[in-house]
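These numbers come from a predicted model, not from an experiment. Quick note on labels: first sequence line is chain A, next is B, and so on, each numbered from 1.
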Amino acid sequence: MNTPIKKKPVPREDDWIEKIYVMVRRIPKGKVTTYGALADAIGSRLTSRMVGWAMNKAHTAKPKVPAHRVVNRNGMLTGKHHFATPTLMQELLEAEGIRIEDDKIKDFKTHYWTPS
DNA sequence: TCACTGACCGTGG
DNA sequence: ACCACGGCCAGTG
């Protein structure tokens, strides 16, 4: 009979990675969140380090993930070096009305968004 | 095959 | 207040 394609010819990313991408895309414009918050929101044994690792290959995810809205708990743009240009992350955030000084978000908690 | 690293965070001394 | 270490997953040499 018609053998259902049990196999997965489409190499979808691991579930937890996919969840991270979805969560990041849900971040409202002008808001930011932290790696730890995403890891905690998804739960599981996910850790903030894994979120960062997922972000590393986020540029291959489609649609593209607004990784510039994800910073560490210090509000520092730790991942800016991984963007096309080292200043792109800051420019994107500033374009959304977020003030940045010394690679750090000003009024971080004001722009902080909690995954829900 | 084993060991180390990575866009981190929390806790302990 | 500062420094050191563990933890979780996947990829690379």
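- For the P atoms, the distance from dG10(B) to dA10(C) is 22 Å, rounded to whole Å.
- Atom CZ of R25(A) has more than 12 heavy atoms from other residues, nucleotides or ligands within 6.0 Å.
- The OH-P distance, from Y35(A) to dA7(B), rounds to 9 Å in whole Å.
- Look at the C1' atom in both dC5(C) and dC4(B): the space between them is 16 Å, to the nearest Å.
- Closest approach to the N72(A) side chain among dA7(B), dC9(C), dC9(B) is made by dC9(B) (side chain taken as heavy atoms from C-beta onward).
- As a whole-Å value, the separation of N56(A) CG from dC8(C) P is 22 Å.
- Counting heavy atoms from C-beta on, the side chains of V24(A) and M55(A) come closer than 4.5 Å.
- In this structure, the CD1 atom of I17(A) is 12 Å from the P atom of dC9(C), given to the nearest Å.
- The base of dC9(B) is not paired with the side chain of S48(A) by any donor and acceptor separated by under 3.5 Å.
- Closest to the side chain of M55(A), from the set dA7(B), dC9(B), dC8(C), is dA7(B).
- Taking the side chain of A67(A) as heavy atoms from C-beta on, and the options dG7(C), dA7(B), dC9(B), the nearest nucleotide is dA7(B).
- Summarising the geometry, the separation between CD1 on I20(A) and P on dC9(C) is reported as 12 Å, rounded to the nearest angstrom.
- A heavy-atom distance below 4.5 Å is found between the side chains of V70(A) and L38(A).
- Computed from coordinates, the F108(A) CZ to dC9(B) P distance equals 9 Å when rounded to whole Å.
- The separation between H81(A) atom NE2 and dG6(B) atom C1' is 15 Å, rounded to whole Å.
- Between L46(A) atom CG and dC9(B) atom P there is a gap of 13 Å when expressed in whole angstrom units.
- When every heavy atom of G30(A) is checked against every heavy atom of E96(A), the shortest pair comes out as N-OE1, 3.0 Å.
- When heavy atoms are screened at a 4.0 angstrom cut-off, A39(A) is found touching no nucleic acid atom at all.
- In the set dC9(B), dA10(C), dA7(B), the nucleotide with an atom closest to the side chain of W53(A) is dA10(C).
- Closest contact between the side chain of M50(A) and the listed nucleotides dG7(C), dA10(C), dG6(B) involves dG6(B).
- Rounded to whole Å, atom P of dC8(C) lies 15 Å from atom CG of D40(A).
- For the C1' atoms, the distance linking dA7(B) with dC2(C) amounts to 24 Å, nearest Å.
- For the residue pair A37(A) and Y112(A), the shortest heavy atom distance occurs at CB-OH, 3.2 Å.
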